[in-house]
Visitor: 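The structure's right below; bear with me while I get my questions together.
It should be emphasised that the depicted structure is a prediction, and the values quoted were computed from it without experimental measurement. Each chain gets a letter, A, B and so on, in the order the sequences are listed, and its residues count up from 1.
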Amino acid sequence: MIADENCKLCKMWQGVARVCERGFGSEHADILVISRLPNSGAYQDMIEASLTEAGVDLTRCFFTASIKCRNFTLEARKKELKACLTYLEQEIATIQPKWILAFGNEPLSQLTNHSGINSWRGRVIDGPGYKLIATISPASVKRNPGQAEGWQADLQFFAHQVAGIPDTVKIPRMRVVKTKRGLKLLKQAFLAADLVSYDIETTGLDEWGKDSAIVTCAFTLRTEEHLEVWLLPLYHPESPFNRGWRRVLAYLAPAFERIPKKVAHNGKFDARWLREFGVQADVTFDTMLAAHLLNENRTKGLKPLSRIILGVAPWEISTRNLVDTPLKEVLKYNGLDTVYCYYLYLVFKEELIADLRLLRIFNKLMMPAANDLIDIERRGTWTDPEKVATAVNISYRMRDEIDAKLREMVPNPSNPGSSIYAESNSPWPTNSKGKPVEVNFNASNFCRWWLFDHLGLPVLSRGKSRDDETPGMPSMAEEVMIELKATNHPVIPLLLERSKWQKYCSTYVTRYQEVAGDDNRVHTTFKLHGTVTGRLSSGKEDEEKITARRDRGSGVNIQQVPRDPFIRGLFGAPPGWSFVEADFGQVEFRLAAFISGDPTAIGLLQRGVDVHLEMAAKMMSKPASQVSKDERKHAKPVNFGFLYGMGWKKFIHTAKTKYGIDFSEDAAKMARKTFFQMYPGFLTWHARQRRLAHQFGRVQSPLGRTRHLPDIYSSDPDVVSEAERQAINSPVQSMASDMNLLAMILINRQFKQVGLEAYTLGVVHDAINFEIRNDAIHTALPIIKRTMENLPLKRTFGVNLTVPITADLKVGAWWGGATDVLEDHVYNFNPVKELYVPVR
DNA sequence: ACCTAAGGCGCG
DNA sequence: AAAGCGCGCCTTAGGT
């Protein structure tokens with residue numbers, strides 16, 4: 001077969017033992033397996049073993065590679081892949097495979113025009129005469145053993161596709177509701193069902209949008225041991241209920257709400273929409289959240305989970321625009337979602353029952369929180385429209401003024417600069433197409449050329465090298481620019497100042513103004529499955545994240561609002577209401593003390609001592625009473641950094657960039673030493689977490705939340721070290737966020753019981769934000785503080801905390817403009833005297 | 001027009 | 001060799 005040992009089509013031939021290695025395997029193969037490079041013996045063994053395990057007949061396989069020269073020193077880029085494709089195409093023409101299994105991004109991009117292996121893996125892609133399925137490369141599995149499970153599942157899926165194994169899941173009869181009588185029957189079916197798995201299809205992502213509508217609904221109902229699927233057309237143009245779909249929902253709502261068990265995949269989304277249109281239904285079991293809790297590392301989508309766990313073939317819909325898709329197609333798709341969701345529920349339920357601590361977290365934290373978040377996301381956070389408008393104007397003006405100054409300094413052939421720096425005659429830079437780049441004061445190729453080539457400022461740091469020949473691009477990070485201030489070139493402070501205003505314009509103030517509705521509220525989507533530790537993440541709905549479709553996004557990340565009062569002060573409470581922020585105080589340090597059992601740390605916390613002050617005293621070798629404010633400030637990064645195993649080098653860096661404090665090498669080393677001398681228990685705790693991770697491949701928080709750390713078994717020591725540090729951090733971060741979640745749930749419950757006009761706006765990891773009507777504050781504050789400081793961890797999770805937990809409350813008209821409420825005043829709040837009356 | 005990767009930076 | 005952890009969003013560059 002084709003192989004040119006004199007090939008010089010690209011650089012890869014240099015220094016390899018064998019140029020252009022051909023593939024091997026059965027001449028009558030109908031399966032082509034493509035790796036990145038010709039496999040070494042060990043990788044070939046690994047691939048063959050895994051394929052056999054998945055059920056692929058090796059005698060039907062031909063093995064080859066994207067890049068035919070096994071060159072480990074040079075990196076194959078587009079050019080090389082294109083050159084080598086010639087040989088690959090010849091192999092395909094000769095073998096004429098029916099199936100191709102592509103390992104990694106290289107064969108995927110060579111053969112399909114697609115790139116990004118993680119979004120394309122596990123999908124059947126049609127090629128000329130063959131079907132291609134891609135997955136990650138065995139090399140990446142070996143480096144990150146955490147990938148092994150998903151990799152094997154992809155191979156299994158490939159084997160199923162090749163063998164044509166039928167779906168393992170039986171699809172019940174589906175019936176479509178078309179008439180009034182059908183609606184009546186569906187209502188009766190609701191009343192007879194003990195469980196429903198449901199899903200809705202919608203016109204857009206924001207339920208409050210002007211044209212938003214529910215296109216179809218599907219319900220898998222379980223009644224006395226048998227399943228039936230009901231499909232309900234609503235707003236779809238072919239639907240008989242197209243005009244009266246809201247009335248249909250209203251008619252069905254009471255019966256639907258009465259079904260005791262409601263299962264859905266990412267049910268918060270569906271429940272939020274249904275609530276918008278008058279259906280008040282909580283989700284009792286969310287399969288996506290269960291999947292996440294059981295294994296936080298795996299993919300969360302209904303389709304990949306169904307593929308991996310149920311072994312079913314993918315079910316797709318031809319277009320994203322449901323209104324233009326035939327009703328029949330939409331309904332079938334919608335119905336299958338609910339059927340597979342039901343079968344996933346059966347699997348996950350058993351898995352949770354097998355781990356009662358996880359089941360407890362699921363039932364007592366995740367599901368109640370998910371249902372609370374429905375209302376929280378719907379409410380949104382109020383922004384002051386006038387303040388926002390002013391902030392937008394100021395931000396743009398500041399940025400544009402700086403731009404104007406910069407533009408005068410931009411090199412101009414007819415106006416050679418008067419800078420004290422030698423201006424080289426380095427030519428104006430061009431882009432990949434050979435066109436001159438435009439003036440751009442962001443971190444662009446123009447600026448890199450201007451600063452480092454034209455003005456000759458020193459390159460202090462570079463990014464990653466993209467290939468072997470060219471070095472990485474000069475860094476324009478803030479810390480680099482701060483260093484460059486020393487050059488006294490006037491362009492540096494301008495660029496530094498500009499980047500702040502540019503960020504305000506692009507990411508913050510303008511976005512807030514764009515997404516605030518008529519009610520001046522901005523919304524977010526919280527994900528309970530957004531992090532591996534159990535923290536919530538915040539942002540837009542997934543589908544809104546596409547860069548090219550910025551106009552459609554309407555959510556913001558409420559957890560990354562800059563602390564600058566100029567920005568944070570845009571959020572607040574409407575007239576007559578107050579913004580209340582409740583923070584747990586140094587909760588991670590407290591929990592680290594609890595988990596490690598370090599007697600010094602526990603003792604200090606029990607006595608209510610300021611740990612930062614104490615650290616400063618130790619560092620300065622003097623009594624705490626003589627520690628200055630500045631000295632205490634120096635102690636803060638010490639406590640935060642070394643807690644999770646930071647090295648002295650990184651410590652110098654973070655102390656400088658995050659706290660603006662200079663530590664010399666010796667001082668940093670000394671600080672680290674002092675820290676562990678003061679809390680020797682932290683060192684043994686670190687060692688214990690490393691040992692546990694190596695022994696079990698996972699660690700658990702005191703409440704029972706699990707962090708799987710398969711990478712601990714990596715052959716790469718860097719990867720192992722990373723997993724070890726995660727083993728130290730995870731239980732602490734997990735417990736802190738679960739406590740915050742529990743507090744939120746309990747506080748909301750009390751607000752409802754008392755009927756208070758007090759509402760949660762969101763959580764920011766160890767803090768909860770509320771909006772409370774002024775006449776309810778004196779009732780709400782004690783509830784908040786008492787709940788946060790006295791969480792029923794013993795009763796709910798069997799955990800006896802040995803350290804006190806404190807909550808700090810702030811009340812005000814605006815976030816960030818709020819003032820602390822003294823401890824005594826929380827329990828004795830005098831609304832007349834003490835209520836912060838906002839000046840508007 | 002749409003997509004991905006990387007750099008950079010906002011938050012806890 | 002290098003070594004806190006956990007996130008999401010925006011921009012640029014370089015593709016199809």
Side-chain angles (χ1 to χ4, degrees), chain A residues 77-78 105 109 112-120 296 431-433 437-438 440 442-448 461-464 466 472-481 499-500 502-508 510-511 524-525 527 530-540 542 544-550 553 555-564 567-568 583-584 587-588 592 637 639-651 653-654 657-658 672 686 707 716-722 724-734 736-737 740 763-767:
Chain A
R77 306 188 62 204
K78 297 257 171 200
N105 207 29
S109 59
T112 69
N113 290 336
H114 299 311
S115 168
I117 186 63
N118 273 314
S119 51
W120 286 95
E296 71 288 354
N431 65 18
S432 60
K433 284 166 193 151
V437 299
E438 297 192 1
N440 179 339
N442 295 324
S444 61
N445 282 350
F446 167 76
C447 271
R448 291 193 185 92
S461 161
R462 284 181 181 275
K464 259 198 213 165
R466 287 203 171 195
M473 290 194 292
S475 169
M476 286 189 62
E478 192 179 22
E479 50 179 293
V480 172
M481 304 297 277
S499 85
K500 172 180 131 185
Q502 162 66 17
K503 194 145 192 165
Y504 284 3
C505 290
S506 69
T507 313
Y508 302 114
T510 316
R511 289 289 297 155
T524 187
T525 299
K527 281 186 186 172
T531 77
V532 289
T533 56
R535 276 186 174 184
L536 271 58
S537 72
S538 158
K540 307 174 179 180
D542 281 348
E544 295 178 355
K545 292 194 166 82
I546 305 164
T547 316
R549 294 266 195 105
R550 283 200 51 201
V556 300
N557 183 339
I558 207 75
Q559 295 178 336
Q560 70 175 164
V561 178
R563 289 153 88 184
D564 182 347
I567 306 289
R568 216 163 251 211
D583 290 55
F584 281 115
V587 66
E588 291 205 4
N639 283 332
F640 287 127
F642 297 130
L643 191 57
Y644 300 124
M646 190 185 275
W648 62 267
K649 237 176 186 168
K650 181 72 183 266
F651 173 75
H653 185 247
T654 38
T657 54
K658 285 183 126 173
R672 190 168 196 278
H686 286 188
R707 173 84 187 265
D716 183 333
D718 279 357
V719 176
V720 175
S721 299
E722 196 181 345
E724 288 175 348
R725 294 192 298 274
Q726 290 163 336
I728 293 165
N729 169 274
S730 273
V732 178
Q733 197 183 108
S734 261
S737 63
N740 203 47
V763 298
V764 191
H765 309 309
D766 60 1

Visitor: Does some side-chain heavy atom of A/His765 sit less than 4.5 Å from a side-chain heavy atom of A/Asn740?
Guide: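 No; the side chains remain at least 4.5 Å from each other.
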
Visitor: Just the rounded figure in Å: distance from P of C/dG4 to CZ of A/Phe642.
Guide: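 The answer, rounded to whole Å, is 9 Å.
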
Visitor: Report yes if some heavy atom in the side chain of A/Gln560 is under 4.5 Å from a heavy atom in the side chain of A/Tyr508; otherwise report no.
Guide: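 Yes, at least one pair of side-chain atoms sits under 4.5 Å.
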
Visitor: Just to confirm, is there a sub-4.0 Å distance from OP1 or OP2 of C/dG4 to any side-chain nitrogen or oxygen of A/Lys649?
Guide: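 Indeed not, no polar side-chain atom of A/Lys649 lies that close.
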
Visitor: Looking only at N and O atoms, is any donor in the side chain of A/Gln726 or the base of C/dC5 less than 3.5 Å from an acceptor on the other one?
Guide: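 Check fails, no donor-acceptor contact within cut-off.
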
Visitor: How many Å lie between CG on A/Leu536 and P on C/dC7, as a whole number?
Guide: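 Distance check: A/Leu536 CG to C/dC7 P gives 12 Å.
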
Visitor: Taking only the side-chain heavy atoms of A/His765 (C-beta and beyond), determine which of C/dG6, C/dG4, C/dG8 contains the nearest atom.
Guide: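 It is C/dG6.
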
Visitor: Nearest of C/dG4, B/dG8, C/dT12 to any side-chain atom of A/Ala477?
Guide: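 Looking only at heavy atoms from C-beta outward on A/Ala477, the closest nucleotide is B/dG8.
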
Visitor: Any idea which of C/dC7, C/dT12, C/dC5 is nearest the A/Val532 side chain?
Guide: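 Of all the options, the side chain of A/Val532 is nearest to C/dC7.
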
Visitor: Please report the distance, rounded to the nearest Å, between CG in A/Asp583 and C1' in B/dG12.
Guide: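 In whole Å, B/dG12 C1' and A/Asp583 CG are 10 Å from each other.
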
Visitor: Phosphate oxygens OP1/OP2 of C/dT16: is one of them under 4.0 Å from a side-chain N or O of A/Asn113?
Guide: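 Negative; the distance criterion is not met.
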
Visitor: Would you call A/Arg535-A/Glu588 a salt bridge at under 4.0 Å N-O?
Guide: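 Yes, A/Arg535 and A/Glu588 are salt-bridged.
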
Visitor: If you only use heavy atoms from C-beta on, which nucleotide in C/dG4, C/dT11, C/dG6 is closest to the side chain of A/Gln502?
Guide: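 Output: C/dT11.
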
Visitor: Give the rounded distance in Å between these two atoms: OH of A/Tyr644 and C1' of B/dG12.
Guide: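 It works out to 11 Å between those atoms.
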
Visitor: Side chains of A/Gln733 and A/Thr533: any donor to acceptor distance under 3.5 Å?
Guide: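 Looking only at side-chain atoms, A/Gln733 and A/Thr533 do form a donor-acceptor pair, the distance falling under 3.5 Å.
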
Visitor: Look at the side chain of A/Trp120 and decide which nucleotide, out of B/dT4, C/dC5, C/dC7, has an atom nearest to it.
Guide: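 The answer is B/dT4, which lies nearest to the side chain.
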
Visitor: What nucleotide among B/dG8, C/dC10, C/dG4 has an atom nearest to a side-chain atom of A/Ser475?
Guide: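 Selected nucleotide (nearest to the side chain): B/dG8.
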
Visitor: Can you check the A/Glu724 CD to C/dG4 C1' distance for me, whole Å?
Guide: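 To the nearest whole Å, that distance equals 13 Å.
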
Visitor: Counting side-chain heavy atoms from C-beta on, which of B/dG10, C/dG6, C/dG4 comes nearest to A/Arg535?
Guide: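 Nearest to the side-chain atoms of A/Arg535, counting from C-beta on, is C/dG6.
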
Visitor: Heavy atoms only, 4.0 Å cut-off, all strands: where does A/Val561 land among base, sugar-phosphate and nothing?
Guide: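 A/Val561: backbone/sugar contact only, no base atoms under 4.0 Å.
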
Visitor: What is the distance from CE of A/Met476 to C1' of C/dC10, rounded to the nearest Å?
Guide: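 So the CE-C1' distance, A/Met476 to C/dC10, works out to 15 Å.
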
Visitor: On the nucleotide C/dA2, are OP1 or OP2 found under 4.0 Å from the side-chain N or O atoms that A/Arg725 carries?
Guide: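 For C/dA2, neither OP1 nor OP2 has a side-chain N or O of A/Arg725 closer than 4.0 Å.
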
Visitor: Let's test this: given Watson-Crick or G-U wobble pairing with both distances under 3.5 Å, identify the partner of B/dA1.
Guide: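 Base partner found: C/dT16.
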
Visitor: Please state how far atom CD in A/Glu722 lies from atom P in C/dA1, giving the value in whole angstrom units.
Guide: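 Distance check: A/Glu722 CD to C/dA1 P gives 19 Å.
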
Visitor: Report yes if the side chains of A/Trp120 and A/Thr112 come closer than 4.5 Å at any heavy-atom pair, otherwise no.
Guide: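 No - every pair of side-chain heavy atoms lies 4.5 Å or more apart.
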
Visitor: How long is the span from the NZ atom in A/Lys658 to the NE2 atom in A/His653, to the nearest 0.5 Å?
Guide: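 That separation rounds to 10.5 Å.
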
Visitor: Would you please confirm or rule out a distance under 4.0 Å between OP1 or OP2 of C/dA13 and any side-chain N or O of A/Asn445?
Guide: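 Answer yes for this pair, as a side-chain N or O of A/Asn445 is under 4.0 Å from OP1 or OP2.
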
Visitor: For A/Ser444 and for A/Ser721, find the nucleotide of DNA chain C with the closest heavy atom, then tell me which residue's nucleotide is more 5'.
Guide: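 Its nucleotide being nearer the 5' end, the pick is A/Ser721.
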
Visitor: To the nearest angstrom, how far is A/Lys503 atom NZ from B/dG7 atom C1'?
Guide: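 Checked: the NZ to C1' distance equals 11 Å.
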
Visitor: Would you indicate what A/Lys500 reaches in the nucleic acid, counting non-hydrogen atoms under 4.0 angstrom: base, sugar-phosphate, or nothing?
Guide: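 Touches nothing.
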
Visitor: Is A/Lys650 close enough to C/dG4 that one of its side-chain N or O atoms is under 4.0 Å from OP1 or OP2 there?
Guide: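 It does, given that an N or O in the side chain of A/Lys650 lies less than 4.0 Å from OP1 or OP2 of C/dG4.
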
Visitor: Could you work out the separation of C/dA3 and B/dG7 based on their P atoms and round it to a whole Å?
Guide: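 After rounding to an integer number of Å, I get 16 Å for this pair.
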
Visitor: Contact class for A/Ser499 (heavy atom, under 4.0 Å): base, sugar-phosphate, or nothing?
Guide: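 Here A/Ser499 touches no strand at all.
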
Visitor: Could you check which of C/dC10, B/dG12, C/dC7 has an atom nearest any side-chain atom of A/Val764?
Guide: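 Looking only at heavy atoms from C-beta outward on A/Val764, the closest nucleotide is B/dG12.
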
Visitor: Calculate, to the nearest 0.5 Å, the distance between atoms NZ and OG1 belonging to A/Lys503 and A/Thr510 respectively.
Guide: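 Atom-to-atom, A/Lys503:NZ and A/Thr510:OG1 are 13.5 Å apart.
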
Visitor: Select from A/Gln733 and A/Val437 the residue whose nearest nucleotide in DNA chain C is closer to the 5' end of that strand.
Guide: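 The answer here is A/Gln733.
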
Visitor: Verify the contact: side-chain N or O of A/Arg511 to OP1 or OP2 of C/dC10, cut-off strictly under 4.0 Å; return yes or no.
Guide: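 A/Arg511 to C/dC10 OP1/OP2: side-chain N or O found under 4.0 Å.
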
Visitor: Look at all strands and tell whether A/Arg707 reaches a base, only sugar-phosphate, or nothing, counting heavy atoms closer than 4.0 Å.
Guide: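 Sugar-phosphate contact only - A/Arg707 comes under 4.0 Å of backbone atoms but never of a base.
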
Visitor: Is there a side-chain contact (heavy atoms from CB on, under 4.5 Å) between A/Glu478 and A/Thr657 once you walk through the steps?
Guide: CA-CA 9 Å; A/Glu478 192 179 22; A/Thr657 54; over 6 Å; no

Visitor: Quick one: which of B/dT4, B/dG12, B/dC9 gets closest to the side chain of A/Ser115?
Guide: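 Nearest listed nucleotide: B/dT4.
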
Visitor: Determine: side-chain N/O of A/Ser432 to OP1/OP2 of C/dA13, distance under 4.0 Å, yes or no.
Guide: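 No, outside the criterion.
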
Visitor: Using a 4.0 Å heavy-atom cut-off, does A/Arg448 contact any base of the nucleic acid, only the sugar-phosphate backbone, or nothing at all?
Guide: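 A/Arg448: no heavy atom of the nucleic acid under 4.0 Å.
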
Visitor: Out of B/dG12, C/dG6, C/dC10, which has the shortest distance to the side chain of A/Arg563?
Guide: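 Of the candidates, B/dG12 comes closest.
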
Visitor: Looking at C/dT12, I'd like to know if its phosphate oxygens (OP1 or OP2) sit under 4.0 Å from a side-chain N or O belonging to A/Asn440.
Guide: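 The answer is yes; a side-chain N or O of A/Asn440 sits under 4.0 Å from OP1 or OP2.
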
